[in-house]
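Read the numbers this way: they start at 1 and go in the same order the structure lists the ligands and their atoms. Numbers for residues simply follow the sequence, beginning at 1.
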Amino acid sequence: MALETMGPMLRAAKEGRYAVGAFNAVDYGSTLAIVRAAEHLQAPVIVQTSVKTVKFWGCEAIVAWLREIAGRSPVPVALHLDHCKDLDVIERCIAAGWTSVMIDASSKPFDENLALTRRVVAMADKAGVSVEAELGEIGGVEDDIAVGHDDAHLADPDKAVAFCRDLNLAVFAPAIGTAHGVYKGEPRLAFDRLEEIARRTGVPIALHGGTGLSDAVFRKCIALGCAKVNISTQIKYAFIDAFVDYHAAHREYEPLKPLTAQLDRIRKEVAEKIELFGGAGRAGAKP
Ligand SMILES: [Zn+2]
């Protein structure tokens, strides 16, 4: 199939009370592993790239992998640009063939965030590309933010409603107490806010900082309106650990063997998450 946009995928997910997994790929192999996992489960899937990865490989290479892999896949695949603060990078990715982009102007004051997001939505609409935007401060566990405890960093429901009102976002990422990286202990999420924001905005919600949350927390967030769940850190660990573990166990210098171990581990872990999020068998779902 040709690459798809995220909008219809996520509306179908919100209506069906499941979530589409959004996994960060770093190269051709990890992209292939993510899509293979989705194929195995007949699930829609979002392959997302960080700005760092885009700069490392260049837009053309990444789009070429995705077009080749998605082109011979029977499941819907979206190519999404994760957290991007730079409008030039967003513009280049849209021109190259990304079907979805995230503008992250969440560190700016509300009005500036809204204005920047509005510009990206206008740019993306023309190209038929879907948009994700963030409100509040999701941050990283390494940042000095008391995750889940400090209201100041969470998205305010009234502001969330005002933000989403005229933006036509495919998915909205309000800060609800999750963070990027590896949690030190179970984070306390603001479920009441998530519920209120999902209900009052009507927009599918993106859950960031998915790595390390318990199965019960994932299920609760999805039941409350999360339709896109981001898994990045877990893929990084699988990518490195599978390669290193293989080499430590076998001490061979045949690169295709540790690469195979790497793909197998990523595919297995992605498949487990897709199943947990309820995405299996939803490849044909329409909103
Ligand atoms: Zn994120």
Side-chain angles (χ1 to χ4, degrees), residues 6 9-10 13 19-26 30 34 45-56 62 78-86 89-90 93 98-108 113 116-117 120 130-148 150 153-155 160 163-164 169-184 187-190 193-194 197-198 201 203-213 217-218 221-222 224-239 269-270 273 277:
M6 227 167 42
M9 234 184 231
L10 297 181
V20 180
F23 304 94
N24 287 57
V26 289
S30 46
I34 292 163
V45 72
I46 297 163
V47 174
Q48 53 187 26
T49 55
S50 68
V51 174
K52 272 189 277 184
T53 302
V54 171
K55 289 184 171 165
F56 187 87
I62 295 174
L79 173 56
H80 178 64
L81 175 65
D82 200 13
H83 294 275
C84 187
K85 299 174 191 303
D86 184 338
V89 175
I90 291 177
C93 286
W98 264 251
T99 56
S100 175
V101 293
M102 176 178 187
I103 166 71
D104 178 357
S106 60
S107 61
K108 309 255 189 227
N113 183 357
L116 275 168
T117 303
V120 170
S130 41
V131 176
E132 173 176 352
E134 176 174 326
L135 186 67
E137 209 170 330
I138 294 174
V141 287
E142 69 281 4
D143 298 342
D144 206 14
I145 293 177
V147 178
D150 185 351
H153 298 287
L154 299 179
F163 191 81
C164 290
L169 296 174
V171 61
F172 177 51
I176 54 160
T178 58
H180 304 114
V182 179
Y183 293 109
K184 303 171 189 86
R188 259 196 270 156
L189 270 56
R193 275 186 203 235
L194 166 60
I197 290 170
T201 63
V203 179
I205 302 295
L207 183 63
H208 284 248
T211 299
L213 299 180
V217 167
F218 278 124
C221 289
I222 293 166
L224 294 175
C226 285
K228 171 178 184 266
V229 179
N230 289 8
I231 302 290
S232 174
T233 302
Q234 187 182 348
I235 307 292
K236 292 180 190 174
Y237 274 66
F239 187 93
E269 294 191 9
V270 167
K273 285 291 177 280
F277 303 158

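With sequence neighbours excluded, the residues that form a side chain to side chain donor-acceptor pair (under 3.5 Å) with S30 are D27.
For the side chain to side chain contact (heavy atoms under 4.5 Å, CB included) criterion with L207, the lone passing option out of V229, L224, I231, N230 is V229. For the side chain to side chain contact (heavy atoms under 4.5 Å, CB included) test with I103, the passing option among N113, V131, D86, L169 is V131; the others fail.
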Item to check | Intermediate values then yes/no, side chain to side chain contact (heavy atoms under 4.5 Å, CB included), L135 and I197 | outcome: CA-CA 11 Å; L135 186 67; I197 290 170; over 6 Å; no
Checklist entry - How far apart are the C-alpha atoms of M102 and D82, what are their side-chain angles, what is the distance that settles it, and do they pass the side chain to side chain contact (heavy atoms under 4.5 Å, CB included) test? => result CA-CA 5 Å; M102 176 178 187; D82 200 13; 4.0 Å; yes
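Of all protein atoms, those of element N, O or S that lie under 2.8 Å from the Zn ion (ligand 1) number 3.
Using cut-offs of 30° and 60° on the angle between ring planes, the pair H83 and H208 is perpendicular.
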